[in-house]
Amino acid sequence: MQPAPQGTLRILHLSDTHLAGDGALHHGTVDTTAALEALLASLEDLTDVGLVVVSGDCSDDGSVASYETLRDRVGDWARSHGAALVVVPGNHDDREGFRAVLGNGHLLGEGGAPLMRTLEHLPPSVPVTGISVVAGRRIITLDTSVPGAGWGELSDLALERLRAWLATSDDDGDGDLGTVVVLHHPPLPAPTRLHEALRLQNPQALESALRDSDVRLVLAGHYHHQFTGSLAGVPERVPVLVAPGVANDTVVTGPYDEEHGVIGTGALVVDLATDGSVWSTPVRVQRPDDGDEAFSHSAEVVARIAEEFGRS
Ligand SMILES: [Fe+2]
């Protein structure tokens with residue numbers, strides 16, 4: 001891939017790794033640790049990455065071991081490539097397990113240097129949020145998960161923190177090239193009924209917070225399908241990039257009421273230039289069972305999951 005132009009922040013954007021602490025297969029079909037390792041190995045020669053982002057559903061079982069796998073595998077890649085590392089929880093994550101291993105999710109700073117961890121015990125009702133500065137950009141992570149639910153929401157607390165951070169002027173010159181917001185549930189319509197039932201419930205609250213801010217880019221996951229949009233309520237038209245899943249791909253061309261997944265692993269390489277322009281390059285790793293069925297849910301099963309974990 002071409003070198004990143006001077007001053008450009010290159011981000012390796014991963015999402016939905018769905019790692020299992022005991023090595024259990026995702027949906028009984030996907031070895032997600034092997035998928036992650038294959039993806040990272042295929043990206044060994046990628047240059048100029050300043051930041052690695054994992055935008056949620058890091059774990060499939062919420063176990064400490066699954067978060068350790070993420071920390072070790074992705075952390076090693078980021079460190080050896082001189083990149084910062086930021087991770088945010090998704091609906092499959094467990095805040096206690098996440099915090100026990102990953103703290104507030106801001107693991108590595110500029111150049112891959114470990115960040116100081118604050119030892120604070122927060123109850124699971126408190127969303128995991130954080131901020132750090134990488135290559136002159138503020139990176140804000142927001143937890144859109146709702147314990148016990150599949151749908152997402154920006155809580156009052158998360159929104160309060162977002163507004164406070166965005167309102168903070170940058171006196172020391174750090175972070176003056178704008179802000180990147182990372183969350184799991186995209187503030188965009190979903191391609192299937194199941195994901196629509198599991199979508200972010202209050203995208204307008206995000207739009208309102210981002211209006212007149214210095215946010216240049218929103219990164220999300222959740223749909224297991226590469227997806228691009230912008231926030232209509234923000235005059236600056238902040239781009240929203242949704243990464244494909246590491247664990248599997250969603251089939252978006254089937255019947256809307258059904259949900260089908262196939263084996264497939266990808267990520268985005270996102271470049272954020274100093275003038276705020278953004279471009280992204282999808283990357284895939286070829287796996288031996290690429291395209292094989294990962295799972296298949298009938299309309300009845302989708303309706304049941306949507307009833308239990310979603311919102312209509
Ligand atoms: Fe997911």
Lys/Arg N to Asp/Glu carboxylate O, E196 vs R199, below 4.0 Å: yes
Side chain to side chain donor-acceptor pair (under 3.5 Å) between S296 and H260, worked out: CA-CA 4 Å; S296 187; H260 303 279; 2.7 Å; yes
Backbone N/O of V262 and side chain of D292: donor-acceptor pair under 3.5 Å: no
Check: E258 and L194 side chains under 4.5 Å, non-hydrogen atoms: no
Spacing of CD belonging to Q204 relative to CG belonging to L154, to within rounding of 0.5 Å: 11.0 Å
Donor-acceptor under 3.5 Å (T8 side chain, A4 main chain): no
Exceeds 12 heavy-atom contacts within 6.0 angstrom, atom CG of D22: yes
Euclidean distance, I263 CD1 relative to H27 NE2, rounded to 0.5 Å: 10.5 Å
Backbone of D257 reached by a side-chain donor or acceptor of H297 within 3.5 Å: no
Polar side chain donor-acceptor pair, H92 to S59, under 3.5 angstrom: no
Minimum side-chain heavy-atom gap T250-H195 below 4.5 Å: yes
Positive for side-chain hydrogen bond (donor to acceptor under 3.5 Å, both in side chains) with T192, one of E259, H224, H225: E259
V134-I140 co-clustered via ILVMFWY side chain contacts under 4.5 Å: no
Check against side chain to side chain donor-acceptor pair (under 3.5 Å), D214 and T179: CA-CA 6 Å; D214 72 343; T179 298; 2.8 Å; yes
Min side-chain heavy-atom separation L46-V269 under 4.5 Å: yes
D93 side chain vs G90 backbone, donor-acceptor pair below 3.5 Å: yes
Exercise: do S63 and S66 side chains pair donor with acceptor under 3.5 Å: yes
Check: H185 main-chain N/O paired with T144 side-chain donor or acceptor under 3.5 Å: yes
Spacing of N202 atom CG and W151 atom CH2 [to the nearest 0.5 Å]: 9.0 Å
Closest contact, heavy atoms only, G245 versus D16: CA-CB, 4.2 Å
Heavy-atom pair of closest approach, residues R71 and L102: CB-CD2, 3.9 Å
Just list the side-chain donor-acceptor pairs under 3.5 Å for residues 280-290, sequence neighbours left out, or say none.
| unit_1 | atom_1 | unit_2 | atom_2 | d |
| --- | --- | --- | --- | --- |
| R284 | NH1 | D249 | OD1 | 3.4 |
| R284 | NH2 | D249 | OD2 | 2.7 |

Flag side-chain contact, heavy atom, 4.5 Å: V87 against F98: yes
Nearest heavy-atom neighbours spanning R163 and A205: NH2-O, 4.5 Å
Option from D94, N104, L122 for which side-chain contact (heavy atoms from CB on, under 4.5 Å) with R99 holds: L122
Side chain to side chain, L51 and L9, heavy atoms closer than 4.5 Å: yes
Expected output: side-chain H13 to main-chain L268 donor-acceptor under 3.5 Å: no
Side-chain donor or acceptor of R95 paired with backbone N/O of P124 under 3.5 Å: yes
Side-chain donor/acceptor pairs under 3.5 Å, residues 28-43, sequence neighbours excluded:
| unit_1 | atom_1 | unit_2 | atom_2 | d |
| --- | --- | --- | --- | --- |
| T29 | OG1 | H26 | O | 3.3 |
| T29 | OG1 | A294 | O | 2.9 |
| D31 | OD1 | T33 | N | 3.3 |
| D31 | OD1 | A34 | N | 3.0 |
| T32 | OG1 | H18 | O | 3.0 |
| E37 | OE2 | R73 | NE | 2.6 |
| E37 | OE2 | R73 | NH2 | 2.9 |
| S42 | OG | L39 | O | 2.7 |

same_hphob_cluster(V74, V128) at 4.5 Å side-chain heavy-atom cutoff: yes
Closest non-hydrogen atom pair, G21 against D61: N-OD2, 2.8 Å
Side-chain donor or acceptor of E110 paired with backbone N/O of A84 under 3.5 Å: no
P127 vs S155 side-chain heavy atoms within contact, under 4.5 Å: yes
Q6 atom CD, over 12 foreign heavy atoms within 6.0 Å: no
Residue pair F295 / N248, side-chain heavy-atom distance below 4.5 Å: yes
Main-chain N/O of A164 paired to T168 side chain as donor or acceptor, under 3.5 Å: yes
Joint hydrophobic cluster, L70 plus V88, side-chain heavy atoms closer than 4.5 Å: no
Check: T141 side chain, T129 main-chain N or O, donor-acceptor pair, under 3.5 Å: no
More than 12 heavy atoms of other groups within 6.0 Å of E307 CD: no
Atom pair CG/CG of L206 and L183 - distance to nearest 0.5 Å: 6.0 Å
Connected via hydrophobic side-chain network under 4.5 Å: V238 and V181: yes
Heavy-atom pair of closest approach, residues L177 and A135: CD1-O, 3.8 Å
H222-D57 side chain donor-acceptor pair, cut-off 3.5 Å: no
Heavy atoms from other residues, nucleotides or ligands near CG of D156 exceed 12 (cutoff 6.0 Å): no
Residue pair I139 / V133, side-chain heavy-atom distance below 4.5 Å: no
Step-by-step salt bridge (charged side-chain N to carboxylate O under 4.0 Å, His left out) determination, D176 to R137: CA-CA 6 Å; D176 57 356; R137 282 85 171 176; over 6 Å; no
L241-L188 co-clustered via ILVMFWY side chain contacts under 4.5 Å: no
